[in-house]
Amino acid sequence: MPRSIATLALLAWSANAAAQTLTFGHHAPAVGDAVQQSVRVEMRLESTARQGAEVIESTTSAIDREQTRRVTATEVTGKRVVGAEVRFFNATAARDGAAEQQPIAGKAYLCRRESDERLTITTPDGQLPPMNEYELVTRAMESLGTASPLAEYLAGRTVRVGERLELPAELAQRALGFDSRMGEVDRFVLKLTRVEDVESRRVGRFEAEIEAHGASSQQMRLIVAGAFQIDGATCRIVSADLSGPIAMSGARGGKVGAYTLDGKGKMRLALKAQYRDARR
């Protein structure tokens, strides 16, 4: 028997409603899960050094950093990955166009979260890497063994297209990977603009707005906006492309020769991630 007009209308309404909402789930990690990430940070900065009202130096600088890395889970405790191998396929840093490979490029490391404060890093043969490599790997793997802040906030939520979400400051700090010694997130707002299918996954596209300020004596202000893509089933970030103005100011030098350094410019952060789940 042909379906009634009312039934067809109800089916169409249900399909449209599903397309306008996204219900977020949580991924239970397993040994062998892997993610390949490409991260690029660009900064253009104009700096002026002053002693009182006198300008003593003005400079313009361009700083670019890029990494391509694969992280594979080697140990899981509860809902957290506490051990992983990270392999850096590419790691470059450039200043004013002069680029150089960082010492971690082409190398692999074993990382383990021993406690909330302690992250151990060794080479595949169990040796401690040189300190310059250790510091670079620590920055890249800072979130290992910690709960996913996006999953904490989004898992179980159904979000409508057009809805704005403001993450608590502490969760936003961890979600964005901000080092609290350098700065603190004041505001992180996500607005769902579209739900789309990407490689058989339902993905939410968000507009993001982020504000942060500097820590300690350093005065810094960062305001960036752009696009976030978050996988609905796992709350994992698929991609992000954020840019906006940055301004900073701080005192330099000692009692003799003290001066103020002011800077303003623009920053861009671009991230892409591809996931491979061991259970699939």
Answer whether the closest heavy-atom distance between the side chains of Val195 and Val161 falls below 4.5 Å.
-> yes
Under the side chain to side chain contact (heavy atoms under 4.5 Å, CB included) criterion, do Arg160 and Leu192 qualify, and how do the steps go?
-> CA-CA 7 Å; Arg160 303 184 312 276; Leu192 182 61; 6.0 Å; no
Scanning both residues in full, the closest heavy-atom pair of Glu166 with Tyr153 reads O-OH, 3.6 Å
Closest contact, heavy atoms only, Ala73 versus Val81 = CB-CG1, 3.7 Å
What distance separates Thr122 OG1 from Gln127 CD, expressed to the nearest 0.5 Å?
-> 8.5 Å
Test item: Met141 and Cys111 side chains (from C-beta on) under 4.5 Å apart, heavy atoms | yes
In terms of hydrophobic clustering (I, L, V, M, F, W, Y; side-chain heavy atoms under 4.5 Å; direct or indirect links), are Val189 and Ile223 co-clustered?
-> no
Gln274 atom CD, neighbour heavy-atom count above 12 within 6.0 Å | no
Asp197 side chain reached by Val203 side chain, heavy atoms, under 4.5 Å = no
Do Val76 and Val86 share a hydrophobic cluster (ILVMFWY, side-chain heavy atoms under 4.5 Å, transitive)?
-> yes
Take Ser243 and Met267, measure what side chain to side chain contact (heavy atoms under 4.5 Å, CB included) needs, and give me the verdict at the end.
-> CA-CA 5 Å; Ser243 62; Met267 186 181 110; over 6 Å; no
CZ of Arg201: more than 12 outside heavy atoms within 6.0 angstrom?
-> yes
Aromatic plane relationship, Phe188 with Phe228 - under 30° parallel, 30 to 60° tilted, over 60° perpendicular | tilted
Quick one: OG1 on Thr48 to CZ on Arg50, what's the gap to the nearest 0.5 Å?
-> 5.0 Å
Might you work through the side chain to side chain contact (heavy atoms under 4.5 Å, CB included) test for Thr120 and Leu128, ending with a clear yes or no?
-> CA-CA 9 Å; Thr120 61; Leu128 283 174; over 6 Å; no
Intermediate values then yes/no, side chain to side chain contact (heavy atoms under 4.5 Å, CB included), Leu165 and Val159 | CA-CA 9 Å; Leu165 307 172; Val159 182; 4.0 Å; yes
Does the side chain of Arg221 come within less than 4.5 Å of Glu211's, by heavy atoms?
-> yes
Are Arg164 and Glu207 ion-paired here, with the side-chain N under 4.0 Å from a carboxylate O?
-> no
Which atom of Ala155 lies closest to which atom of His26, heavy atoms considered = CB-CB, 4.2 Å
Shared ILVMFWY cluster between Leu119 and Ile104, side chains joined below 4.5 angstrom?
-> yes
Which pair of heavy atoms, one from Val224 and one from Gly244, lies closest together, and at what distance?
-> CG1-N, 3.7 Å
Point-to-point distance, once rounded to the nearest 0.5 Å, from CD of Glu42 to CD1 of Ile63 | 12.0 Å
Here the pair of heavy atoms bringing Asp96 nearest to Thr60 is OD1-O, 3.9 Å
Val41-Phe88 co-clustered via ILVMFWY side chain contacts under 4.5 Å | no
Within 6.0 Å of CZ in Arg40, more than 12 heavy atoms from elsewhere = yes
N-O pairing of Asp231 and Arg236 below 4.0 Å = no
Where do Arg69 and Gln37 land on the side-chain hydrogen bond (donor to acceptor under 3.5 Å, both in side chains) test, with the steps shown first?
-> CA-CA 5 Å; Arg69 61 194 182 227; Gln37 300 169 321; 2.9 Å; yes
Can you tell me how far the CG atom of Asp262 sits from the CD atom of Glu46, to the nearest 0.5 Å?
-> 12.0 Å
Between Glu75 and Arg112, is the closest basic N to carboxylate O distance under 4.0 Å?
-> yes
Straight-line distance of Ile237 CD1 to Ser148 OG, nearest 0.5 Å | 8.0 Å
What do the steps show when you test Gln229 against Ser239 for side-chain hydrogen bond (donor to acceptor under 3.5 Å, both in side chains), and what is the final call?
-> CA-CA 5 Å; Gln229 283 187 308; Ser239 69; 2.8 Å; yes
Counting distance only, does the side-chain N/O of Arg276 pair as donor-acceptor with the main-chain N or O of Thr72 below 3.5 Å?
-> no
Which atom names give the shortest non-hydrogen contact between Gly25 and Cys235, and what distance separates them?
-> O-SG, 3.0 Å
Got a donor-acceptor contact below 3.5 angstrom from the Arg65 side chain to the Ala93 backbone?
-> no
Say whether Leu269 and Val238 are linked into one hydrophobic cluster, either directly or through other cluster members, by side-chain heavy-atom distances under 4.5 angstrom.
-> no
Considering only heavy atoms from C-beta outward, does the side chain of Asn90 approach that of Gln101 to under 4.5 Å?
-> yes
Would you mind reporting whether Gln36 and Thr68 have side-chain heavy atoms less than 4.5 Å apart?
-> yes
Can you check whether Asp277's main-chain N or O pairs, donor with acceptor, with Asp33's side chain at less than 3.5 Å?
-> no
Apply side-chain hydrogen bond (donor to acceptor under 3.5 Å, both in side chains) to the pair Tyr109 and Glu133, showing each step before the final yes or no.
-> CA-CA 10 Å; Tyr109 303 85; Glu133 296 180 29; 2.6 Å; yes
Rounded to the nearest 0.5 angstrom, the CG-CE distance for Leu222 and Met43 is 8.0 Å
Residues which pass side-chain hydrogen bond (donor to acceptor under 3.5 Å, both in side chains) with Thr23, listed by chain and number, not counting sequence neighbours = Thr158
Cationic N near anionic O, under 4.0 Å, Asp64 to Arg268 = no
